[in-house]
Amino acid sequence: MSRSQLGWNRVRSRWKALRPKLGRKAFCFRLPLSSPLPAGEGSGVRELRAKDKRGEQMAKQHNMPEELYRLRHSLAHILAQAVLERYPEAQPTIGPPVENGFYYDFAVAKPFTPEDLEVIEGRMKAIVKGRHAFTCREVTVEEARGLFAHNPFKLELIEGLVAGQGDDMGEEEEPPPAPPAPPAPRPPGEGGKSASAISVYTQDTFTDLCRGPHVGSTQEINPEGFKLTSTSGAYWRGDEHKAMLQRIYGVAFKTRQELDDYLRLLEEIEKRDHRRLGKDLDLFHIDSTVGPGLVLWHPKGALIKQMSEDFCRQEHLANGYQIVSTPHVGRAVLWETSGHLDFYKENMYSAMEMDSTDYYVKPMNCPFHIMIYNSTIRSYRDLPIRYAEWGTVYRFERAGVLHGLLRVRGFTQDDAHIFCSAAQMPAEIDRTLKFGLHILRSFGFERFNAYLATRPVKSVGEAARWDEATEALRHTLERCELPYELDEGGGAFYGPKIDLKIRDAIGREWQCSTIQFDFNLSERFDMSFINEKGERERPYMIHHALLGSMERFMGVLIEHYAGAFPLWLAPLQVMIIPIADRHVAYANQVAGQLQANGMRVQVDDGAERMQNKIRKAQSQKVPYMLVVGDKEQAAGAVAVRLRTGEDLKTMPLEQFIAHAVPIMKSRAASL
RNA sequence: GCCCUCGUAGCUCAGCCGGCAGAGCAACCGCCUUGUAAGUGGUCGGUCGUCGGUUCGAUUCCGACCGAGGGCUCCA
């Protein structure tokens, strides 16, 4: 009785745990569409399509089929209608389609509750079934101002349109920087000029300022294909200095089936969650007594992390890097020179005063590596110099951004700094990028996306040098034939960078590697080398972290493999399972031989029966389970079971060793 | 940092409108000596996140704080 009840409880608890998260946009990655959608369309859509040519363009910008764009955008409006019916005083602001669904932000006196969501969703379904047409109307500026006279947010959008800032309805990548002027009477000529740009869409009782496109009628929407998932706060125009609005998220697809597929995908994501697996597999924990964002690695997790680092260290040494090691704190003057106290202070832990001098815990390793470089005179013959360190840094992150291992306050970087001449620079960047891809591939990642991040607002250095450096990075990307996207303003304060994002087993994207061009720190630290002509010359610098943060990388690795690590990284590689007590001695003998071959082995000599031991080893995702009983003992053999459930049957121990050891040594991704 | 939600045994969770806390798993002690995902009996285990308030009485209601989760903003 208890078994079936337990099973049901488990299902229920999983479902409950999932529900509040249905709409979460995954942390730093994009969810793939669970399946590509047919390009068919209703007749109503076809009509509208002729009108707004921009539909296709908008959909493309949002990286989704136009049909889905219309569907989700329309559901956002229907959501707003349902909310306004329940809370007439609510002020709708913006409501764009997003990947997998849509949201709408409202200014309301009281935040929405989960019960609200159920009611609103029910009302939305009724509206959808009401077969209401979506109609578009172009209005003059005056008319628009009149229509939305009660809504300061819409008025702000209208004034933005009038000012020619584009139709920012929450759908542009970049919100306009300047706050628009308050609505004021305008000369008649001006209003007329911009009037053609303003359109409103109406369905049933709801009219919204909107550029479209939408479905022709709500009958094109499947009432079983969408679901409201969560609420949250969101700043008006994403600006934390502006009003806090209340956002409702929904997911939406053409069919019930696709919605269900998506929900299943979320369940899969839930199962892979590194926080869950970190606990289940006893890898690490984050203890509130120690402090948020500070990771305690348990033996198994520490082993995986250590082996990953060891492998990378060997690769760095084999590729012309020298390993260095530097302190965790340094005097304030170091950080003044580097510029960190000017540009990075809000991310640094506060100063510690010792002997009337301020010391800071390091948020980055670079100044220390520079001090090593500067400890002696360097010749052009020494270059390039490549220093690497697994340096632990601390950055003060705002409480709300912390997330398991993926965003922490203390982490170890596989941090390297390359000092070279201007002439060596292009080749070094090329080499670094290739080296980075090699490292990532070694961990089983095959697909990458590259981003070229350009100069941020808060930065140091002349514009011309920024341009030059950015071009150098761009050329490397082109030479390596790596497709890339531009990340405007995403660079470090000292230089532009290439970020590599890896795609994991279920298509999610994670930022790990960063390769940064730096022409500023060498200046600030007055670095030099003696060139061929006997003159002092400034070296160029490349910063790179390939796995990035070991903490984050471990999190990504856990999710990528769903905790079933490749053999070379599995903390326990073989569990030996004696069937009865009389087989324990033989099991220990087998363990000894495997250990002699460099494998990590354990004998489960507990009192449970074999089935239970298999179950335990299986749920710990141990790659190999070797069952030994009378037959095996007599034959000097082992019965091999893989964690995949596959049974390799009985084989001589030597044969198992010949099978497993090469897989371990080759760091193969699968068993 | 901001908005919302949550915080009960090592883990997963029950505990309706306030009346001295419950299950399964795990752990521990036995019995069973087992053939590919849970054999069986018993025992132990909780100042119900912390601190205040309301109340005759608070795990339950209210407030503050701490922490977590989902977002916003920010990033390796």
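Predicted model, so just to flag it, every value in this text is computed and none were measured. Proteins get letters first, then strands, A, B, ... in listed order; numbering begins at 1 in each.
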Polar atoms only, N or O, under 3.5 Å: list the protein pairs with nucleotides 63-67 of chain B and their distances.
none

Partner set under ring-ring contact (aromatic ring centres under 6.0 Å, His included) for A:Phe153, not counting sequence neighbours: A:Trp236

Gap in Å between the two C1' atoms, one belonging to B:A21 and one to B:C62, rounded: 23 Å

Span that lies between the C1' atom of B:C16 and that of B:G41, in whole angstrom: 35 Å

Pair A:Asp105 + A:Arg247: basic N to acidic O under 4.0 Å: yes

Residue A:Arg407, side-chain heavy atoms: nucleotide from B:G70, B:C75, B:A37 that is nearest: B:C75

Summary of side-chain hydrogen bond (donor to acceptor under 3.5 Å, both in side chains) pairs that have at least one residue in residues 604-614 of chain A, sequence neighbours excluded: A:Glu608-A:Lys616

Touch class at under 4.0 angstrom, heavy-atom based, for A:Lys649 against every strand present: nothing

Restricting to nitrogen or oxygen on both sides, can you table the protein-nucleotides 3-10 of chain B pairs closer than 3.5 Å?
{"residue": "B:C3", "atom": "O2'", "partner": "A:Gln246", "partner atom": "OE1", "Å": "3.2"}
{"residue": "B:C3", "atom": "O2'", "partner": "A:Gln246", "partner atom": "NE2", "Å": "2.7"}
{"residue": "B:C3", "atom": "O2", "partner": "A:Gly233", "partner atom": "N", "Å": "3.0"}

Short side-chain N/O contact to B:G39 OP1/OP2 from A:Asn612, under 4.0 Å: yes

Under 3.5 Å: donor-acceptor pair, side chain of A:Ser619, backbone of A:Arg615: yes

Pair assignment for B:U33, Watson-Crick or G-U wobble, requiring both distances under 3.5 Å: none

Verdict with reasoning, A:Glu559 to A:Arg508, per salt bridge (Lys or Arg N to Asp or Glu O under 4.0 Å): CA-CA 10 Å; A:Glu559 303 223 355; A:Arg508 297 173 299 176; 3.0 Å; yes

Evaluation steps, ring-ring contact (aromatic ring centres under 6.0 Å, His included), between A:Tyr394 and A:Phe396: CA-CA 7 Å; A:Tyr394 292 86; A:Phe396 182 77; over 10 Å; no

Below 4.0 Å: OP1/OP2 of B:U12 and any side-chain N or O of A:Lys279: yes

Any residue meeting ring-ring contact (aromatic ring centres under 6.0 Å, His included) with A:Phe435, in chain and number order, not counting sequence neighbours: A:His316, A:Tyr321

Test item: side-chain donor near acceptor, A:Gln618 and A:Arg641, under 3.5 Å: yes

Sugar-phosphate, base or nothing in reach of A:Val408, heavy atoms under 4.0 Å: base

Paired nucleotide for B:C48 [Watson-Crick or G-U wobble; both distances under 3.5 Å]: none

Check nucleotides 32-34 of chain B against the protein and report each pair of N or O atoms closer than 3.5 Å, with its distance, or say if there are none.
{"residue": "B:U33", "atom": "O2'", "partner": "A:Arg582", "partner atom": "NH1", "Å": "3.4"}
{"residue": "B:U33", "atom": "O2", "partner": "A:Asp581", "partner atom": "N", "Å": "3.2"}
{"residue": "B:U33", "atom": "N3", "partner": "A:Asp581", "partner atom": "OD2", "Å": "2.8"}
{"residue": "B:U33", "atom": "O4", "partner": "A:Asp581", "partner atom": "OD2", "Å": "2.9"}
{"residue": "B:U34", "atom": "OP2", "partner": "A:Arg582", "partner atom": "NH2", "Å": "3.3"}
{"residue": "B:U34", "atom": "O2", "partner": "A:Arg609", "partner atom": "NE", "Å": "3.3"}
{"residue": "B:U34", "atom": "O2", "partner": "A:Arg609", "partner atom": "NH2", "Å": "3.1"}

Pairing nucleotide - B:G67, Watson-Crick or G-U, each distance under 3.5 Å: B:C6

Touch class at under 4.0 angstrom, heavy-atom based, for A:Glu632 against every strand present: base

Same-atom distance (P) from B:G24 to B:G57, integer angstrom: 35 Å

Sugar-phosphate, base or nothing in reach of A:Arg398, heavy atoms under 4.0 Å: base

Pair assignment for B:A27, Watson-Crick or G-U wobble, requiring both distances under 3.5 Å: B:U43

G-U wobble or Watson-Crick pairing nucleotide for B:C16 (cut-off 3.5 Å, both distances): none

Pair A:Glu267 + A:Lys271, salt bridge at N-O below 4.0 Å: no

